[in-house]
Amino acid sequence: MGQPPDLLQLLQLPATEVAPFLLGALVRHESEEGPVVVRLTEVEAYLGPVDSPDPDPGAHSYRGRTERNSAMFGPPGHLYVYFSYGMHFSANLVCRPEGTSSGCLMRAGEIVEGLELARLRRPTAKHDYELAQGPARLAKAMGFAREHNGIPALGGEVTVTLPAAPATCVSSGPRVGISGPGGTTDYPWRFWLEGDPTVSKFRPGVARARHRPASAAPKTQ
DNA sequence: GGCGGGATATTCT
DNA sequence: GAATATCCCGCCC
């Protein structure tokens with residue numbers, strides 16, 4: 001028996017409408033090493049390219065389809081897993097019909113099954129609430145990596161199950177780690193379960209001073 | 001527990 | 001060449 005029709009139907013909608021319903025959802029990944037299940041406590045919504053009805057300057061797909069982001073243009077209910085900062089993976093659940101681009105970034109959650117395996121994958125976590133406290137941590141605890149980009153998430157290796165009832169105590173605010181247009185309070189598309197200890201700590205997406213090669217030092221005159 | 005800085009590779013300009 | 005949907009470590013409260 002597959003998913004209740006609710007979920008696939010829900011995933012036809014833009015991520016901004018889907019996101020709050022994903023709070024409390026269970027995401028199960030059955031790998032060769034064993035199963036791990038996370039209960040989502042924090043997600044972020046991303047919409048589409050500049051020339052779409054819902055342009056989103058913070059979205060990877062804002063400048064159109066590329067090899068990297070093509071999974072976001074694929075069918076809803078699949079994963080978009082991307083690699084960033086040269087070392088981390090993060091996973092999205094793709095929304096809206098094929099050919100359009102929208103997705104929900106899984107930012108944080110509580111590991112509710114497969115704790116031992118999750119601890120092995122995240123040896124630096126001092127507490128269990130840190131195992132999936134952040135998008136790259138969640139992906140690592142779940143075992144999501146490059147090979148999971150574009151695979152179905154509604155059955156098979158990965159399964160998403162909605163909670164019996166939509167979550168209460170949902171808060172929303174600006175997205176994390178995005179600076180410039182699209183990153184500020186104009187787009188309050190980060191959703192989380194208020195008070196849950198597994199929700200990631202926000203660091204405001206302000207541009208911190210960056211390491212720069214000496215050759216790129218600012219001109220003084 | 002909160003900060004500052006470094007690390008790392010893929011992408012697009 | 002520069003930015004990035006981030007995390008970890010060391011240090012300081």
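Quantities reported herein were computed from a predicted structural model and do not represent experimental measurements. To find a chain, count down the sequence lines: A is the first, B the second, and so on, and within it residues start at 1.
At whole-Å resolution of the value, NZ in Lys126(A) and P in dG1(B) are 11 Å apart. Per the geometry, CG belonging to Leu105(A) stands 10 Å off P belonging to dA5(C), to the nearest Å. Rounded to whole Å, atom P of dC8(C) lies 13 Å from atom NE2 of His127(A). Rounded to a whole Å, the CE atom of Met87(A) is 12 Å from the P atom of dC9(C). In this structure, Phe89(A) atom CZ and dA9(B) atom P are separated by 11 Å, rounded to whole Å. The nearest whole Å value for the distance from the CZ atom in Arg121(A) to the C1' atom in dC7(C) is 18 Å. dC8(C) atom P lies 8 Å from atom NZ of Lys140(A), rounded to whole Å. In this structure, Arg107(A) atom CZ and dA5(C) atom P are separated by 11 Å, rounded to whole Å.
Closest approach of Ala132(A) and Val38(A) over heavy atoms only: CB-CG2, 4.3 Å. Minimum interatomic distance between Val27(A) and Phe144(A) (heavy atoms only, all atoms of both residues): CG1-CZ, 4.3 Å.
Here the options are Ser101(A), Ser102(A), Ser70(A), the test is side-chain hydrogen bond (donor to acceptor under 3.5 Å, both in side chains), and the partner is Ser61(A); only Ser101(A) passes.
Looking at the side chain of Thr124(A), the nearest of the listed nucleotides dC9(C), dT10(B), dA5(C) is dC9(C). Of the candidates dT4(C), dC8(C), dG1(B), dT4(C) carries the atom nearest the Tyr85(A) side chain, counting heavy atoms from C-beta on. Picking from dA9(B), dT6(C), dC7(C) the nucleotide with the shortest atom distance to the side chain of Val176(A) gives dT6(C).
Residues Ser52(A) and Asp54(A) have side chains that never bring a donor and an acceptor to within less than 3.5 angstrom of each other. With no hydrogens or angles considered, no side-chain donor-acceptor pair links Glu157(A) and Ser31(A) at under 3.5 Å.
Taking the centre and axis of the six-membered ring of Phe83(A), the NZ or CZ atom of Arg146(A) falls inside the cone set by 45° and 6.0 Å.
Atom CG of Leu47(A) and atom CD of Glu17(A) lie 9.5 Å apart (nearest 0.5 Å). Atom CZ of residue Arg119(A) and atom CZ of residue Arg121(A) lie 13.5 Å apart, to the nearest 0.5 angstrom.
For Ser84(A), no side-chain nitrogen or oxygen approaches OP1 or OP2 of dA5(C) to under 4.0 Å. Between Arg122(A) and dC7(C), a side-chain N or O to OP1/OP2 separation shorter than 4.0 Å is absent.
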| message | Only Watson-Crick and G-U wobble pairs with both distances less than 3.5 Å should count. Give DNA chain B in dot-bracket notation, marking inter-strand partners with |. | response | |||||||.||||.

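Residue ring and base: Tyr82(A) does not count as stacked with dA5(C) (centre distance below 5.5 Å and interplanar angle below 30° not both satisfied).
Heavy atoms of Met72(A) sit under 4.0 angstrom from at least one base atom.
Position along DNA chain B of the nearest nucleotide to Arg146(A) versus His88(A) favours His88(A) as the more 5'-ward residue.
For the pair Glu110(A) and Arg39(A), the salt-bridge criterion is met [side-chain N within less than 4.0 Å of a carboxylate O]. Checked for salt-bridge contact, Asp51(A) and Arg63(A) miss the test: no charged N lies under 4.0 Å from a carboxylate O.
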Every protein N/O within reach of nucleotides 11-13 of chain B N/O, cut-off under 3.5 Å:
residue: dC12(B); atom: OP1; partner: Thr66(A); partner atom: OG1; Å: 2.9

